[in-house]
Number of protein chains: 2
Amino acid sequence: MCQSIVTMRLTRKEIAEMIRSRGYRATPQRVAIYEAVWRAGSHPTVAEIYEYATKSDPSISLATVYNTLHLLEEIGLVQELSARDGSARYDPDVHFHINIVCRSCGKVVDYEYKPLDKLAKDIQEVTGFGITVPVFEVKGLCSDCRAENQETAIASVREM
Amino acid sequence: MCQSIVTMRLTRKEIAEMIRSRGYRATPQRVAIYEAVWRAGSHPTVAEIYEYATKSDPSISLATVYNTLHLLEEIGLVQELSARDGSARYDPDVHFHINIVCRSCGKVVDYEYKPLDKLAKDIQEVTGFGITVPVFEVKGLCSDCRAENQETAIASVREM
DNA sequence: TTGTGTGCAAAACCTTTGCAAATGT
DNA sequence: ACATTTGCAAAGGTTTTGCACACAA
C-alpha cells in the first residue's frame, strides 16, 4: 500500500527541499524543529518541542520555535491542535484523522475514521468552507481521568 | 418535533433552577452571563460576552465572566470552543454537532452530522475516551477568506 | 552580496489568583 | 447568619514583536 508523502516521515533533505520549494530558506533550525515535532513525543507542546530541539542545538531560541512552527503549518508539514490549556500542541501527522483530546490531562490520541473524506467534501458543498486542515478534534475524558473523577466524586459524597 | 432541553434557549427561571439543582447559587450575574452567551453573537468570545453582559449590568467583572463560564461549562449549559487565537469562544448549543472554524477570520458555523452519536460510541469502545463534550471541531477556510487568499496569491505572483 | 532568518529581551495578551466586601439561601 | 460569590488588582503563563547580528542562497 502506498502512503501519501505527507503521512510519512521525511528525510532532512526532503524537509529542506519542501521548505525551499515554497520560497523559504532551509535553515538548520527549521529542520531541527521539524524533527523535534516528530520526536518530542506524541502531539508535543511547544515547550516539549523547544526542549527537544535545544538538545541538538542549544542556541535555538523560543521565538524561532514559534516562527518555525507557524511556517511549517503554513506549508502543510505540521498541524497545530486546538486545545486551549497550556501551550499549543503540534501534530506532524497531516492526513485526515480525528484527534481525541482529554480535557482533564490533555492527552491526545488518534482515531481513524474513513468517512472523513466525504464529510469534508459535504461540508464544503453545504457551507462553502474549504477543509484545508485534515485534523478533526473532539474533547472527552480518557479512561484514566474518568477513573480518577469517579474517585473524586465518591470522595465528595463522603465529605457531605 | 421535540427538542432536547439543552438545545433550546432556557428562561431565566430555568437557568436559575439548573444552577441551583447543581448546588450553586443562582446570582443575577450568572443568569446575565448565560444570556450573553446566547445574545452576544454567534459563538461569542469572552470579550464579546463580557461586553454584552456589562451592558445589562456594568458592575460585572471580567473575573466573574471567566468564573461563570467555567461553571456553566461544568454543568453542561455551554461549551468552550478550542480555537487558540485570541480569547476563548463559547457555544450555548450543546447538542452533538460539528463546529467549522475559519482559520483566517475565526468565524464559526455549525454543521449537522447525524452519525456523530454512533461515532462517539465507537470512539469510546475503541479508545476508552468518554466523549462528554458534544462538539466536534474542524478547521478550514470560509468562502470569503478563500476569495481573499486567492487575490493575495495572485497579487504575490504579480509582484514577482 | 543581500535580504531573509535568528536570538534576545521586552511587550502584549489572555487567564487565573488572592482577598476584602457583598449577597443568596 | 454564614458560606458562597463578587470585584478589584496583581500575578502568571504563553505568544508576539522589534531590532541588531548572522547566515543561506
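In the text below, chain A, chain B and the rest are named by the order of the sequence lines, each starting its count at 1.
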Derivation of the side-chain contact (heavy atoms from CB on, under 4.5 Å) call for A/Leu62 and A/Val46: CA-CA 9 Å; A/Leu62 189 53; A/Val46 174; 4.2 Å; yes
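In this structure the side chain of B/Met18 never reaches within 4.5 angstrom of the side chain of B/Ile15, judged on heavy atoms. A/Ile131 is listed as a side-chain neighbour of B/Ile100, based on a closest heavy-atom distance under 4.5 Å. Side chains of B/Phe136 and B/Leu119 form a contact here, defined as non-hydrogen atoms less than 4.5 Å apart.
The two atoms that bring B/Ser61 and B/Tyr50 nearest to each other are C-CE1, 3.7 Å, heavy atoms only. The shortest non-hydrogen separation linking A/Thr132 to A/Pro134 is O-CD, 3.7 Å. Shown here for A/Gly86 and B/Arg84, the closest heavy-atom pair between the two residues is O-NH2, 3.1 Å.
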Contacts under 3.5 Å, N or O only, protein and nucleotides 11-15 of chain C:
from   : atom 1 : to      : atom 2 : distance (Å)
C/dT15 : OP1    : A/Arg84 : NH2    : 2.6
C/dT15 : OP1    : B/Ala88 : N      : 3.1
C/dT15 : OP2    : B/Tyr66 : OH     : 2.1
C/dT15 : O5'    : B/Tyr66 : OH     : 3.1

Show the distances under 3.5 angstrom between N or O atoms of the protein and N or O atoms of nucleotides 21-24 of chain C.
from   : atom 1 : to      : atom 2 : distance (Å)
C/dG24 : N2     : B/Arg25 : NH2    : 2.9
C/dG24 : N3     : B/Arg25 : NH1    : 3.4

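Between chain B and DNA chain D, the heavy-atom contact criterion of under 4.0 Å yields a 5' to 3' nucleotide range of D/dA3 to D/dT15.
Comparing the helix axis at one end of the helix from C/dT1-D/dA25 to C/dT25-D/dA1 with that at the other, each defined from 5 consecutive pairs, gives an inter-axis angle of 50° (nearest 10°).
A/Ile19 places its CD1 atom 17 Å from the P atom of C/dT4, with the value rounded to the nearest Å. Atom pair A/Ile60:CD1 and C/dC8:P shows a separation of 11 Å (rounding to whole Å applied).
Here the side chain of B/Arg30 pairs a donor or acceptor atom with the backbone of B/Arg25 at under 3.5 angstrom. With A/Arg89 contributing its side chain and A/His43 its backbone, the two residues share a donor-acceptor pair below 3.5 Å. In this structure a side-chain-to-backbone donor-acceptor pair under 3.5 Å is present from A/Ser56 to A/Ala53.
A residue-by-residue look at B/Val65 and A/Ala63 shows that B/Val65 has its nearest nucleotide of DNA chain D further toward the 5' end.
Applying the ring-ring contact (aromatic ring centres under 6.0 Å, His included) criterion to B/His97, with sequence neighbours excluded, gives B/His95. The salt bridge (charged side-chain N to carboxylate O under 4.0 Å, His left out) test applied to B/Arg39 returns no partner, not counting sequence neighbours.
Applying the side-chain hydrogen bond (donor to acceptor under 3.5 Å, both in side chains) test between B/Tyr90 and each of B/Glu48, B/Gln79, B/Glu80 identifies B/Glu80 as the sole match.
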